[in-house]
Peer 1: 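First the structure, which I've put down as structure tokens, then a few questions once you've had a look.
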Number of protein chains: 2
Amino acid sequence: MVHAQELTKNQSLVLDVLSHTEGPLSAYSLLDQLRDKGFRAPLQVYRALDKLMEFGLVHRLESINSFVACTHSHDHKHGVIAFGICDTCGRVDEFCDAVVEERLKGWSKDHAFRLSKTTIEMRGTCANCLAA
Amino acid sequence: MVHAQELTKNQSLVLDVLSHTEGPLSAYSLLDQLRDKGFRAPLQVYRALDKLMEFGLVHRLESINSFVACTHSHDHKHGVIAFGICDTCGRVDEFCDAVVEERLKGWSKDHAFRLSKTTIEMRGTCANCLAA
DNA sequence: ATCATCAATGTAATAACATCACATCGACCT
DNA sequence: AGGTCGATGTGATGTTATTACATTGATGAT
Ligand SMILES: [Zn+2]
Ligand SMILES: [Zn+2]
Ligand SMILES: [Zn+2]
Ligand SMILES: [Zn+2]
């Protein structure tokens, strides 16, 4: 497993902003928030994000072109992850479902499809926003 | 249900290109292919795509910013759709899985999350490309 | 017939997201 | 010292999507 000490300066800075933010951020939002730390170009953010995703510390939300810090403890490896994304407040809930994973892997097996990455994103309105 | 006759000129042109193409196309690829039909601007493509998606005739693949014609017969309404996308040849397989749908709806119910749209995309390598 | 309305369209400009190309730096090893 | 490799800095460029505003054409009401 990867520990915080092994992260480079830029990776730490990006993860720090993501971890202290409620909800997802775009790469350019991250860039803006890191300008006073010396960030000048999008590539600095994208490179850090690539590594953080490789380490499993950050996830990309494909349907909103944004990134979130992983909310799982990292003592274990990620399986297939699903996200519930509130379109009103931006809240993101991350969860795993073994049955879903099994069904999708089953389809892959049946179709001789070598699966490399699975994206599951549910857009909608969270309980808090519904109550308000 | 929507029939072909109800589509406008631009919608028909976009759907026609998508239907006669193996695999997904980006909005700008569509634009390029439709320039000789009078298309000049991205918005013409995006507007047509929005309507076609509303009608359920076209799907957006979030993880590759592209669009495919629906491969289902349209006598029935779409449930949750999953896609298998080959990163080598671009082939896209569309399918529904009632168990997956039930699990994701179950999570939504448990968390009082009002679900509006679900994205499931599996990236990998298809059987043909594995054989080659 | 004339006018209001509304969906679809045309067009230019701009915003938002992502990558390429190339130079530099620093740690590590020989 | 010299070589290698991963990380970084920087500018330019490429790709995807939306905003703003003008125009057209069909429909229905006055
Ligand atoms: Zn996670
Ligand atoms: Zn919310
Ligand atoms: Zn479909
Ligand atoms: Zn393939």
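Hydrogens, waters and symmetry mates are skipped; everything else that's a heavy atom, side chains included, is used. It should be emphasised that the depicted structure is a prediction, and the values quoted were computed from it without experimental measurement.
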Peer 1: Rounded off to whole Å, could you give me the NZ-to-P distance for the K37(A) and dT8(D) pair?
Peer 2: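 Between P of dT8(D) and NZ of K37(A): 16 Å.
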Peer 1: Between N or O atoms, less than 3.5 Å apart, protein on one side and nucleotides 11-18 of chain C on the other: list the pairs.
Peer 2:
{"from": "dA18(C)", "atom 1": "OP1", "to": "R60(A)", "atom 2": "NH1", "distance (Å)": "3.0"}
{"from": "dA18(C)", "atom 1": "OP1", "to": "R60(A)", "atom 2": "NH2", "distance (Å)": "2.3"}
{"from": "dA18(C)", "atom 1": "OP2", "to": "Y46(A)", "atom 2": "OH", "distance (Å)": "3.0"}
{"from": "dA18(C)", "atom 1": "O5'", "to": "Y46(A)", "atom 2": "OH", "distance (Å)": "3.4"}
{"from": "dA18(C)", "atom 1": "N7", "to": "Y28(A)", "atom 2": "OH", "distance (Å)": "2.7"}
{"from": "dA18(C)", "atom 1": "N6", "to": "Y28(A)", "atom 2": "OH", "distance (Å)": "3.3"}

Peer 1: Check the distance between dG6(D)'s C1' and N10(A)'s CG and give it to me in whole angstrom.
Peer 2: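 Rounding to the nearest Å, CG of N10(A) and C1' of dG6(D) are 13 Å apart.
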Peer 1: Salt bridge check: are R123(B) and E121(B) linked by an N-O gap of less than 4.0 Å?
Peer 2: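 No, R123(B) and E121(B) are not salt-bridged.
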Peer 1: Quick one: list whatever passes side-chain contact (heavy atoms from CB on, under 4.5 Å) with A82(B), sequence neighbours left out.
Peer 2: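 A82(B) satisfies side-chain contact (heavy atoms from CB on, under 4.5 Å) with F95(B), I120(B) once adjacent residues are dropped.
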Peer 1: Does E62(A) pair with R60(A) as a salt bridge, N-O distance under 4.0 Å?
Peer 2: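 Yes.
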Peer 1: Once you round it to whole Å, what is the distance between P of dT16(D) and CG of L31(B)?
Peer 2: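 Rounded to the whole Å, the gap is 11 Å.
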Peer 1: Please give, in whole Å, the distance from dG6(D) C1' to E6(A) CD?
Peer 2: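 Checked: the CD to C1' distance equals 15 Å.
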Peer 1: What about F83(A) and H59(A), are their ring centers closer than 6.0 Å?
Peer 2: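 Centroid distance F83(A)-H59(A): below 6.0 Å, so yes.
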Peer 1: Tell me: CG of D50(B) to C1' of dA7(C), nearest whole Å?
Peer 2: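 These atoms are roughly 14 Å apart.
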Peer 1: How close or far is atom P of dG6(D) from atom CD of Q11(A), stated in whole angstroms?
Peer 2: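 Taking atom P of dG6(D) as the reference, CD of Q11(A) is at 13 Å.
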Peer 1: Rounding to an integer number of Å, can you tell me how far L49(A) CG sits from dT8(D) P?
Peer 2: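 Nearest whole value for this atom pair: 12 Å.
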Peer 1: Looking at E22(B), I want to see if its CD is surrounded by more than 12 non-hydrogen atoms of other residues, nucleotides or ligands under 6.0 Å.
Peer 2: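 At most 12 heavy atoms, drawn from other residues, nucleotides or ligands, come within 6.0 Å of this atom.
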Peer 1: Can you check whether K9(B) has a side-chain N or O nearer than 4.0 Å to OP1 or OP2 of dT9(C)?
Peer 2: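 Checking dT9(C) against K9(B), no side-chain N or O comes under 4.0 Å of OP1 or OP2.
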Peer 1: Looking at E102(A) and K105(A), is there a salt bridge between them, counting it only when a charged N and a carboxylate O are closer than 4.0 Å?
Peer 2: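 Not counted as a salt bridge, because no side-chain N and carboxylate O are separated by less than 4.0 Å.
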